[in-house]
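Written below as structure tokens is the structure these notes are about.
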Amino acid sequence: MRWLGFDWEDRLFYASDYFDQMYDYAVQLIKAGKAYVDDLSTDEMRGYRGTLIDPGKESPHRNRSAEENLDLFERMRAGEFKDGSRVLRAKIDMASPNLNLRDPAMYRILHAEHHRAGNKWCIYPMYDWAHGLEDSIEGITHSICTLEFEDHRPLYDWFLDELGVYHPQQIEFARLNLTYTVLSKRKLLQLVEQGYVSGWDDPRMPTISGLRRRGYTPESIRNFCERVGVAKTDSTIDVALLEHCIRQDLNKRAPRVMCVLRPLRVVIDNYPEGQTEDMDAVNNPEDTDMGTRKVPFSRVLYIERDDFREDPPGKFFRLAPGREVRLRYAYLITCVGAVKDERTGEVVELHCTCDPASRGGNPPDGRKVKGTIHWVSAAHALAAEVHLYDRLFTVENPGDITSSADFEGVLNPNSLETLTGYIEPSVSGAAPGSRYQFERLGYFCVDSKDSSPDRMVFNRTISLRDSWAKIEKQL
RNA sequence: UGGGGAAUCGUCUAGUGGUAGGACGGCUGACUCUGGAUCAGCAAGCCCAGGUUCGAAUCCUGGUUCCCCAGCCA
């Protein structure tokens with residue numbers, strides 16, 4: 001929460017801080033004849049509850065005396081009874097059309113250690129009972145929750161009114177659903193437990209820790225929330241909006257750097273062997289205050305395989321036999337030959353010539369080249385592990401899957417691709433969490449968990465918008 | 001066929017009796033040493049049917065559709 005930018009100051013509250021007071025309130029309700037101890041089993045209670053359409057029946061223990069209830073409740077607390085053997089229920093109305101009002105449980109017996117209260121208690125309050133009490137004790141004015149609690153509000157109100165205590169107002173709003181992912185804790189837990197992700201902070205998880213490790217900034221998340229708004233319509237936000245927010249933020253603040261993900265070796269035939277030049281590169285064209293850096297250039301380079309086509313389709317502006325392109329911040333080069341693997345026919349190396357007069361990227365004659373591609377000097381590049389993350393699911397609403405909650409069929413098998421990238425040496429020593437734009441590829445951050453100085457690990461936060469991909473799709 | 005909610009561009013969201021607006025996404029085009037960014041523009045919506053009113057997304061009536069509820073979970 002702090003990382004997101006919030007500060008609760010001295011107001012870190014826990015429901016368990018109020019267990020004693022809640023117990024006293026329960027006693028108060030028992031004395032008032034508004035709560036009773038029931039001995040029905042879970043199954044029996046279910047039977048007595050009725051259905052959505054039919055009213056329930058009253059428990060045979062519903063009319064025990066206050067004295068008996070008090071005695072039983074004290075003994076529940078004292079640990080005399082087994083888990084599940086008894087429960088304290090509110091005495092409301094077994095025929096209520098709102099099932100939450102059919103004598104809901106307030107306390108159940110649970111001989112379990114509490115992470116804060118230790119072993120002090122063996123009875124624990126139910127959510128509906130605890131919720132309003134916490135709010136009331138803390139003196140809050142409005143209690144915001146999600147839509148599914150709308151028909152719990154009458155119960156929230158009932159407890160507070162029967163107790164005659166300060167009564168905050170519960171207001172329900174839609175939860176924030178997102179396309180191509182699930183957000184329910186249960187489903188997320190399933191992803192973790194069944195090993196579909198590496199943990200709660202896996203960069204594909206829509207958790208705060210996951211988003212953080214993925215490279216999302218707190219500002220982008222808050223901005224996203226502001227844009228989404230708050231309303232009561234049960235809605236699902238297009239994940240593209242989240243992606244837009246992080247791109248917008250990182251475009252302004254992420255330093256640019258060059259990295260080649262799928263290397264194709266390029267030899268500049270007319271460039272002297274053994275020579276190295278430092279090219280001046282702008283750190284962020286969106287913010288010149290971020291300065292410049294030097295990028296080493298030499299005779300043997302790597303470029304992206306995708307940036308070369310032997311037989312280029314129309315509108316392909318990158319390298320091809322006989323074509324000239326700009327190596328960003330370096331030289332204009334022309335492809336003069338391709339070396340192929342004899343067996344597979346795969347292009348394994350390119351031979352190019354550079355125009356020495358175009359140093360820095362601009363030819364003195366002012367001729368235009370349509371394409372500018374990124375590159376890295378083979379001898380200077382740093383090898384790093386790069387994680388290419390993509391959406392976890394292939395369908396827009398994986399949460400809709402009703403069956404046995406089996407995600408198998410809708411999980412994106414390519415949500416993580418790991419490869420070795422070759423990065424310009426300037427990123428060496430970057431701190432975990434550092435964010436960069438790998439030019440023409442996307443935004444990446446140094447993994448905060450697995451990266452080390454000798455083997456850096458980068459996570460792709462989000463790709464850059466790729467209009468070429470759209471054009472190519474239509475070809 | 002019980003109860004509780006919600007319906008406005010593809011997706012979110014404003015508008016609460018007076019010109020239906022914004023964002024994302026989509027599509028054009030301009031510009032560009034990132035096919036990024038930026039800029040300009042276009043398409044796209046009031047769940048339906050009646051009614052009230054000079055005038056209805058908004059008020060009334062009746063429908064329709066969708067979501068939630070039968071945990072000793074939250």
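Order of the sequence lines fixes the chain letters, A, B, ..., with proteins taken first and strands second; residue numbering starts at 1 for each chain.
- Across the interface with RNA chain B, nearest-nucleotide mapping of A:Ile373 and A:Pro104 shows A:Ile373 to be the residue nearer the 5′ end.
- Pairing partner, B:rA49: B:rU61, with both Watson-Crick or wobble hydrogen-bond distances short of 3.5 Å.
- Using a 4.0 Å heavy-atom criterion, one finds that A:Asn251 contacts the bases of the nucleic acid, with or without backbone contacts as well.
- Between B:rC27, B:rC72, B:rA74, one nucleotide has an atom nearer to the side chain of A:Phe149 than all others, and that is B:rA74.
- Using Watson-Crick or G-U wobble geometry with both donor-acceptor distances under 3.5 Å, B:rG21 finds its partner in B:rU13.
- Rounding to whole angstrom units, NZ of residue A:Lys473 and P of B:rC27 are separated by 10 Å.
- Listed nucleotides B:rU1, B:rA23, B:rG35 differ in distance to A:Phe316; the shortest reach to its side chain belongs to B:rG35.
- In this entry B:rU28 has B:rA40 as its Watson-Crick or G-U wobble partner, both defining distances falling under 3.5 Å.
- Where A:Glu148 and A:Arg326 meet RNA chain B, the nucleotide closest to each residue was compared, and A:Arg326 sits on the side nearer the 5' end.
- Within the 4.0 angstrom heavy-atom criterion, base atoms lie near A:Thr42.
- Computed from coordinates, the A:Asp54 CG to B:rG3 P distance equals 13 Å when rounded to whole Å.
- At whole-Å resolution of the value, NE2 in A:His244 and P in B:rC12 are 18 Å apart.
- Remark: B:rU34 base-pairs with no nucleotide in the shown strands. Criterion, Watson-Crick or G-U wobble with two distances under 3.5 Å.
- Salt bridge A:Arg75/A:Asp71: present, at least one basic N to carboxylate O contact under 4.0 Å.
- Contact annotation: side chain of A:Arg227 to base of B:rU13, donor-acceptor pair absent below 3.5 Å.
- Within 4.0 Å (heavy atoms only), A:Leu40 reaches at least one base atom of the nucleic acid.
- With rounding to whole Å, A:Arg175 atom CZ is found 16 Å from B:rC12 atom C1'.
- When heavy atoms are screened at a 4.0 angstrom cut-off, A:Ile109 is found touching no nucleic acid atom at all.
- Atom C1' of nucleotide B:rC68 and atom CG of A:Asn98 are separated by 11 Å, given to the nearest angstrom.
- A:Arg102 contributes no side-chain N or O that forms a donor-acceptor pair with the base of B:rG2 under 3.5 Å.
- The base of B:rG35 has none of its N or O atoms less than 3.5 Å from a complementary donor or acceptor on the side chain of A:Asp466.
- Counting distance only, with no hydrogens placed and no angle test, the side-chain atoms of A:Arg318 and the base atoms of B:rG35 include a donor-acceptor pair under 3.5 Å.
- Computed from coordinates, the A:Gln474 CD to B:rU28 C1' distance equals 12 Å when rounded to whole Å.
- Pairing partner, B:rC66: B:rG5, with both Watson-Crick or wobble hydrogen-bond distances short of 3.5 Å.
- Of the listed residues (A:Asn100, A:Leu101, A:Asp157), just one forms a side-chain contact (heavy atoms from CB on, under 4.5 Å) with A:His152, and that residue is A:Asn100.
- In this entry the distance linking OH of A:Tyr329 with P of B:rU34 reads 8 Å, nearest Å.
- Between A:Lys82 and A:Asp39 no salt bridge is recorded (no basic side-chain N to carboxylate O distance below 4.0 Å).
- Residue pairs meeting the side-chain hydrogen bond (donor to acceptor under 3.5 Å, both in side chains) criterion with at least one member in residues 462-475 of chain A, sequence neighbours excluded, are A:Arg309-A:Glu472.
- For A:Arg318 and A:Asp307, the salt-bridge test passes: some basic side-chain N is under 4.0 Å from an acidic carboxylate O.
- Picking from B:rC12, B:rG5, B:rG71 the nucleotide with the shortest atom distance to the side chain of A:Val228 gives B:rC12.
- Summarising the geometry, the separation between NZ on A:Lys370 and C1' on B:rC31 is reported as 10 Å, rounded to the nearest angstrom.
- No salt bridge links A:Asp278 with A:Arg293; every basic N to acidic carboxylate O contact stays at or beyond 4.0 Å.
- For A:Thr233, the listed nucleotide lying nearest its side chain is B:rA7; candidates were B:rC27, B:rG35, B:rA7.
- Nucleic acid contact for A:Met258: none, since no nucleic acid atom lies under 4.0 Å from a heavy atom of the residue.
- Checking B:rC72, B:rA74, B:rU34 against the side-chain heavy atoms of A:Ala105 singles out B:rC72 as nearest.
- Picking from B:rC72, B:rC12, B:rG35 the nucleotide with the shortest atom distance to the side chain of A:Arg49 gives B:rC72.
- Within 4.0 Å of A:Arg247, counting heavy atoms only, lies no atom of the nucleic acid at all.
- At the heavy-atom level, A:Thr236 lies under 4.0 Å from the strands shown only through sugar-phosphate atoms.
- Across all strands, A:Val230 comes closer than 4.0 Å only to sugar-phosphate atoms, never to a base (heavy-atom distances).
- Among the protein residues, A:His152 comes within range of the nucleic acid bases, having at least one heavy atom under 4.0 Å from a base atom.
- Among the nucleotides B:rU13, B:rG5, B:rC24, the one closest to the side chain of A:Lys232 is B:rG5.
- Side-chain proximity of A:Asp151 to B:rU34, B:rG3, B:rC72: nearest is B:rG3.
- Taking the side chain of A:Ala240 as heavy atoms from C-beta on, and the options B:rC12, B:rU34, B:rC24, the nearest nucleotide is B:rC24.
- With respect to A:Glu304 and A:Arg262, no salt bridge is recorded, no charged nitrogen being found less than 4.0 Å from a carboxylate O.
- Interface remark: the A:Gln437 side chain does form a donor-acceptor pair with the B:rU34 base, using a distance-only criterion of under 3.5 Å.
- Side-chain atoms of A:Arg108 lie closest to B:rA74 of the nucleotides B:rG36, B:rC24, B:rA74.
- Using modelled atom types and a 3.5 Å distance limit, the side chains of A:Tyr18 and A:Glu138 yield a donor-acceptor pair.
- Side-chain to base pairing of A:Arg86 with B:rC72: no donor and acceptor N or O lie closer than 3.5 Å to each other.
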